[in-house]
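Here is the structure we will look at, set down as structure tokens.
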Amino acid sequence: MDPTASPSGEGALGCPEDSIRLVETCLQLFTVTDAQLQQIQAALLASMEQALQDPEGPASAVRMLPTYVGSIPHGTEQGDFVVLELGATGASLRVLWVTLTGTEGPRLEPRSQEFVIPQEVMLGPGQQLFDFAARCLCEFLDTLPLCQQPLQLGFSFSFPCHQTGLDKSTLISWTKGFWCSGMEGQDVVQMLRDAIRKQGAYSIDVVAVVNDTVGTMMGGQLGPGPCEVGLVVDTGTNACYMEEARHVAVLDEDRGRVCVSVEWGSFHDAGALGPLLTTFDHVLDHGSLNPGAQRFEKMIGGLYLGELVRLVLAHLTERRALFGGCPSPALLCPGSILLEHLAAMEDPSSGEAGAHVLLQDLGLSTGMVDAKLVQQVGWAVSTRAARLCAAALSAVLARLQRGRELQTLRVAVATGGQVFERLPRFLSVLRETVQLLAPQCEVSFTPSEDGGGRGVAVVTAVAARLAAHRRLLEETLAPFRLGHRELEAVQAQMRGAMSRGLHGEASSLRMLPTYVRATPDGSERGDFLALDLGGTNFRVLLVRVAAQGVRITNQVYSIPEGVTQGSGQQLFDHIVDCIVDFQRKQGLSGQSLPLGFTFSFPCQQLGLDQGILLNWTKGFKASDCEGQDVVKLLREAIHRRQAAKLNVVAIVNDTVGTMMSCGYEDSRCEVGLIVGTGTNACYMEELRNVAAVAGDSGHMCINMEWGAFGDDGSLDALSTSFDASVDQASINPGKQRFEKMISGMYLGEIVRHILLHLTQLGVLFRGQQTQSLQARDIFKTKFLSEIESDSLALRQVRAILEDLGLPLTSDDALMVLEVCQAVSQRAARLCGAGVAAVVEKIRENRGLEELSVSVGVDGTLYKLHPHFSSLVAATVRELAPRCTVTFLQSEDGSGKGAALVTAVACRLAQSTRV
Ligand code: 0WK
Ligand code: BGC
Ligand code: BGC
């Protein structure tokens, strides 16, 4: 279809006026009205916002790709960096050596070298392109006086990529003159690393990959407003800008900004752009490497402007409006008119001369009219390009305004690319049109330094800093990542300590007999009082055991630190006061109910109702108790308080109470596990294996007191400086080493010490030590459970940490999350190794191939942490594959267990009396 056909449709033209009219009609096609530009601006803005909100949604016209660049340069970056630019300037790549000297240092000119990329490399296998780039890189470095230090490289790769990190980016599709095979979907950084390694000449670390628009923006001179937009019009075209992170759905961020590469080259909107596409655009697209794609780019990019001019000239020649209707072979040859030809015709005064040169190059005989008309064609094509580019840029400005809810906007746009360098009129048309389309924006245009090379070096400096931080973080957390072999060693050491403890030999595991010989059989009946001391809460319970089941009434009482760390008398008087208060409230005053006492501390039991406290743990240190029979201490307090009716029948450890409580529902429950303020486990051992208790048949529940495992130094290999800091600051240094690596009282403190260490290294909080983080116990273990919860987006992690007065970035929040994960995973894995040791002991005790057993569990950390329980179970499956272990979370706590132990004792006492 001939766009300029006269209604009457006849061939040859009468006079020059006809030619001019025909040319003007033809050039009219390249005229875009302000209204059409506003339409494009609106359509582009709409698809930008759609792509931001719904990246997976129906293919939006523009991609809006997050670049992981979260801040614009603050000029402090320093160091030497290599920059490799591929794809911005068509058939060439550029290597630069950039030295950043921070805010104080002098500005040093980068050294650079350009390499032409052979056509067959641009259209060949992808690996070949990267090998070519790596060879050029080494050739350039060979020219520099370099010493052997590893080099850091920033890779400017000017094609649409899905980025998942500053150094991780997969190619979506080729554009412009590139069409290498086997590359789409590939990680371009890995491709480059492999190609450089193959060269084997230099040790180069590729630390960042950026789109050329980002390098352009980061290289923008600091002007009136911050440079927050990068605009490239080179062979292709694109822009990036600093979007509010909360508006980028693919990032779960609510604060700060992130640079987004718009990839507006692929913008196509039938309504807004459709009517503007001329036949020449369709012909050009049809003849391109990627027909149907990058339609907007093909109206603006320097790779296409010359071709558009050629197609128009060829058409007008065919219509005999130019060159007497005699085309030259060159005029009919695609790609024969280049950007520099347009550049030569740009200057209103010398432009005609430039047109003459072009026509000579094309072997066309030129008359004055022709040259003038050719210049007009060049202008029309580049003017349209500049106005369309302005419409797109105005959409970005409108997005910036809307994203920040601003009435007016002041911003600097960094520009880069040959079209800006060679077609000076392009920028003035662009500026003018932006003023028209975005009147409420005050926009300054600033050419990017070194074509964006310095900008890429700045991003590389930031990436290098982050990569260094990541390495320091990994080094710091590595000791917390326990492998299968280390856990097997812990399991074996625990088995050894269990055997030695049972035989009464020196061992960090005391393996205390509890005089609980059986788990409940369901025949227990009656009302019992129970006390539960030693966990987060002190509770007094009334437990009614009936045929229909167990009913519990309980009340939590606080125990002030002054009492837990006061005198023993004070502590037990306080306990009795709570009991009396509870009895009064439950209308039990004066009633004599059997009482079971869950006392969650290491006790040498001499009988069910006799327990000598070996040592306090978990922050308790009431005086005159260690070495005492705590049942006696309780009875003395009862006596002092004249609460005569209380009958203490049994003292049990919370692990035993938990096992009994769960055993009431599931008779296979033969292990009790607590992971709360403290940690410990008990299990049903064969009596024959318990040296301290007479008898060879039957079972005895053993309180392992595994919190003390490793107090003999057997865990030192796993202990870190942070564990040592926590231990030294505790009220029982050197004691409860296993507990201090696992339980709720200590995990928060371990994390706090690691955060202090990472702050010192400058990895966190920009190295600023904050007052709040110096405070002991400020980082509660419950924060780990909150921070690691999957449902919590990073933003909520920030909220928790900001409440602690920590000035953090999203990278900081991510690192704090990783620290919490490392600490809690080590705790869960160590706990799993302990349980594996116990269930394997039971299996071997019974000479079984396979064992199926249940473990009753209680404790805030185990119950509230989002991943702790599943990681314990996974570790047990890994280390004790011949045991099928069911973990039963205790609902009623160990108070019920204490009552059941008391009930069993009363039943047995009853049966011996009759
Ligand atoms: C609830 C039990 C109690 C035990 C506690 C441990 O009833 O006996 O001491 O769990 O968990 P914590 O409260 O220390 O987190
Ligand atoms: C690419 C963009 C690039 C632009 C300018 C386009 O073809 O898709 O990633 O920024 O060219 O080089
Ligand atoms: C105590 C144990 C107790 C555990 C869980 C440890 O500190 O020594 O007796 O079972 O904490 O509460």
Side-chain angles (χ1 to χ4, degrees), residues 48 51-57 59-60 62-73 81 83-88 126 130 133 152-176 178 183-194 205-219 228-232 236 238-253 256-266 396 452 455-467 469-470 794 809-811 814:
M48 284 170 69
L52 281 175
Q53 276 133 30
D54 182 3
E56 306 313 323
S60 90
V62 291
R63 293 202 172 92
M64 303 302 279
L65 304 167
T67 68
Y68 289 76
V69 168
S71 58
I72 50 176
F81 301 95
V83 171
L84 173 66
E85 290 180 340
L86 178 57
F130 281 81
Q152 293 175 314
L153 182 141
F155 183 24
S156 169
F157 186 70
S158 315
F159 301 93
C161 290
H162 275 309
Q163 223 160 324
T164 49
L166 263 174
D167 66 345
K168 241 185 147 346
S169 191
T170 53
L171 175 66
I172 298 170
S173 67
W174 288 110
T175 63
K176 295 164 278 191
F178 286 76
M183 277 293 305
E184 280 156 3
Q186 297 296 317
D187 176 348
V188 294
V189 173
Q190 201 47 49
M191 294 283 293
L192 182 60
R193 284 179 177 144
D194 299 347
D205 189 2
V206 183
V207 290
V209 57
V210 292
N211 183 266
D212 55 345
T213 54
V214 179
T216 298
M217 180 187 76
M218 297 296 263
E228 296 200 278
V229 177
L231 169 59
V232 167
N238 183 20
C240 70
Y241 71 101
M242 296 305 286
E243 173 64 72
E244 304 303 304
R246 69 179 177 279
H247 294 143
V248 185
V250 76
L251 302 172
D252 80 4
E253 258 307 338
R257 293 185 176 141
V258 64
C259 179
V260 170
S261 165
V262 178
E263 284 297 341
W264 65 24
S266 60
V396 169
V456 178
V458 169
V459 175
T460 311
V462 174
R465 188 177 62 223
L466 289 177
H469 287 177
R470 171 137 301 282
L794 207 51
T809 64
S810 20
D811 292 320
L814 206 55

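The basis for the numbers below is simple: all heavy atoms, side chains too, and nothing from hydrogens, waters or symmetry mates. Index from 1, following the sequence.
When side chains are defined from C-beta on, Leu171 counts as touching Phe157, because their heavy atoms get closer than 4.5 Å. Contact annotation: the side chain of Val69 approaches that of Leu166 to within less than 4.5 Å [non-hydrogen atoms, C-beta and beyond]. You'll find the side chain of Leu192 reaches within 4.5 Å of the side chain of Leu153, heavy atoms only. Counting heavy atoms from C-beta on, the side chains of Val214 and Tyr68 never come closer than 4.5 Å. Looking at heavy atoms from C-beta onward, Thr67 lies out of side-chain contact with Asn211 at the 4.5 angstrom threshold. Contact check for Glu263 versus Asn238: side-chain heavy atoms found under the 4.5 Å cut-off. Annotation: side chain of Gln163 is not in contact with side chain of Leu65 (no heavy-atom distance under 4.5 Å). Taking 4.5 Å as the limit, some side-chain heavy atom of Phe178 sits within range of a side-chain heavy atom of Leu86.
For Ser169, the side-chain hydrogen bond (donor to acceptor under 3.5 Å, both in side chains) test picks out no residue, with sequence neighbours left out. The side-chain contact (heavy atoms from CB on, under 4.5 Å) check on Tyr241 picks up Met48, Leu52, Met64, Val229, Glu243, Val260, Val262, Val396, Arg399, Leu400, with sequence neighbours excluded. For Asp205, there are no salt bridge (Lys or Arg N to Asp or Glu O under 4.0 Å) partners two or more places apart in sequence or in a different chain.
Closest heavy-atom contact between Leu84 and Ala133: CD2-CB, 4.2 Å. Taking every heavy atom of both residues into account, Gly185 and Thr170 meet most closely at O-CG2, 3.7 Å. Shown here for Val206 and Phe155, the closest heavy-atom pair between the two residues is CG1-CB, 4.3 Å. Minimum interatomic distance between Val459 and Met218 (heavy atoms only, all atoms of both residues): CG2-CG, 3.5 Å. Residues Gln152 and Ala464 approach most closely at NE2-CB, 3.4 Å, considering heavy atoms.
When atom types are taken as modelled, the side chain of Glu184 and the backbone of Trp174 share a donor-acceptor pair closer than 3.5 angstrom.
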Given the rule in the side-chain contact (heavy atoms from CB on, under 4.5 Å) test, do Lys176 and Ser158 qualify, once you have shown the distances and angles that lead to the verdict?
-> CA-CA 10 Å; Lys176 295 164 278 191; Ser158 315; 3.5 Å; yes
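Heavy atoms of other residues, nucleotides or ligands lying less than 6.0 angstrom from NE2 of His162 number 12 at most.
Distance check, rounded to the nearest 0.5 Å: CZ of Arg470 to CG of Leu814 gives 6.5 Å. Atom CZ of Arg63 sits about 15.5 Å away from atom CH2 of Trp264, to the nearest 0.5 Å.
Ion pair Arg193/Asp167 flagged as a salt bridge, since at least one NZ, NE, NH1 or NH2 atom sits closer than 4.0 Å to an Asp/Glu carboxylate oxygen.
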